[in-house]
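The model shown is predicted, which means the values in this text are computed figures rather than measured ones. Labels below follow one simple rule: chain letters A, B, ... track the order of the sequence lines, proteins then strands, and each chain is numbered from 1.
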Protein chains: 2
Amino acid sequence: MEKSKSVKIDVDENCPVRGILDRFGDKWSTLILLLLGESSVLRFNEIYKMIPGISQKMLTVSLKTLEEDGLVKRTVYPQIPPRVDYELTPRGMSLLPHIQNLVKWANENRLNILQSRETHRL
Amino acid sequence: MEKSKSVKIDVDENCPVRGILDRFGDKWSTLILLLLGESSVLRFNEIYKMIPGISQKMLTVSLKTLEEDGLVKRTVYPQIPPRVDYELTPRGMSLLPHIQNLVKWANENRLNILQSRETHRL
DNA sequence: CGGTATCCCTAACGATACTG
DNA sequence: CAGTATCGTTAGGGATACCG
């Protein structure tokens, strides 16, 4: 047995891990992944309506980068009016549980954290 | 059995979960948590040297918000020159494995993601 | 040593208008 | 319906100088 499980932290400038994680460390991407994880397939406007506060632009941008990273699959049905479906890829699905775990942790620790912030302000 | 395991996604404007996760969705906080997870106790300057590219300001800010959320404990030794130690709290430790899992996932999927980005550019 | 305080700049994001 | 294009704002973060 080694001294540490050591996830091997690469702290380098061009840290390769950060280049990956930063992509869904943004404001909306994790939320989109969670929604697609629950609904399996969603149209653009469905996601749009499910996320109050997001702009059409940011939804487009977020979906595009998720697609670039191969986490989300985009399917266009060439009809009028057009129809575009979004769903998780296997890779996206492999990421999903980790995000869900984070959300779960956040829910479990929310109240305590908020209280910490309060008492810290005094 | 219910239809879904349902991590319960709160998509509301004032989504409480986002208010938590956004705090370490920033540029440096997760990295600091990982380092403290490996080293257990570190002084300010030790962390500073371990993270090339971080500014003194951002290290201060990041540590402060981590402390506010009760994820990191700050201990001041009133001597000259001063000495300040940082370590994970139990709450910080409970978060650590989830971040490590994300890093692990990122490492495992790094190459494939980079390739996805490439082929997508064509 | 371990921070503040200040200034500045860029990237992220939002709002609005337009399009195939 | 599902986007683009353009513009304006703002918050994150870097550089530098100073302090107890």
Tell me: [atom1] of [X] to [atom2] of [N], nearest whole Å?
X: Gln56(B); N: dT4(C); atom1: CD; atom2: P; value: 10 Å
X: Gln79(A); N: dG20(C); atom1: CD; atom2: C1'; value: 14 Å
X: Trp28(A); N: dA11(C); atom1: CH2; atom2: C1'; value: 17 Å
X: Tyr48(B); N: dG3(C); atom1: OH; atom2: P; value: 13 Å

Handout entry: Estimated bend of the helix from dC1(C)-dG20(D) to dG20(C)-dC1(D) (axis per five terminal pairs, rounded to 10 degrees)
Key = 50°
Exercise for the section: May I ask you to test the Leu88(A)-Lys73(A) pair for a side-chain heavy-atom distance under 4.5 Å? Expected result: no
Enter the distance from [X]:[atom1] to [Y]:[atom2] here, rounded to the nearest 0.5 Å.
X: Thr89(B); Y: Glu87(B); atom1: OG1; atom2: CD; result: 9.0 Å
X: Ile32(A); Y: Asp26(A); atom1: CD1; atom2: CG; result: 7.5 Å
X: Ile99(A); Y: Lys104(A); atom1: CD1; atom2: NZ; result: 15.5 Å
X: Leu96(B); Y: Leu36(B); atom1: CG; atom2: CG; result: 9.0 Å
X: Leu71(B); Y: Arg91(B); atom1: CG; atom2: CZ; result: 6.5 Å
X: Leu42(B); Y: Ile47(B); atom1: CG; atom2: CD1; result: 5.0 Å

Problem - Donor-acceptor side-chain pairing of Thr75(B) and Arg83(B) below 3.5 angstrom - result: no
Practice task
Tell me whether the OP1 or OP2 atom of dG3(C) has a side-chain N or O from Tyr86(B) closer than 4.0 Å.
Solution key: yes
Exercise for the section: Ignoring backbone atoms, establish whether Arg83(B) has a side-chain N or O less than 4.0 Å from OP1 or OP2 of dG2(C). Expected result: no
Completion exercise
So, with a heavy-atom separation below 4.0 Å from DNA chain D, the residues of residues 58-73 of chain A are Thr60(A), Lys64(A)
Practice task
Could you tell me whether Lys27(B) contacts a base, only the sugar-phosphate backbone, or nothing, with contacts defined as non-hydrogen atoms closer than 4.0 Å?
Solution key: sugar-phosphate
Fill in the blank from the handout: Among dA5(C), dG14(C), dC1(C), the one nearest any side-chain atom of Lys57(A) is dG14(C)
Practice task
Tell me which nucleotide among dG20(C), dC13(C), dA5(C) gets nearest to the side chain of Asp26(A).
Solution key: dC13(C)
Handout entry: Glu46(A), CD atom: more than 12 neighbouring heavy atoms under 6.0 Å
Key = yes
Problem - Greater than 12 external heavy atoms within 6.0 Å of Glu108(A)'s CD - result: yes
Handout entry: Nucleotide range of DNA chain D lying under 4.0 Å from chain B heavy atoms
Key = dG13(D) to dG20(D)
Problem - 5′-ward residue of the pair Ser55(A)/Pro82(A) relative to DNA chain C - result: Ser55(A)
Practice task
Would you please classify the geometry between the Phe44(B) ring and the Tyr86(B) ring as parallel, tilted or perpendicular, with 30° and 60° separating the classes?
Solution key: tilted
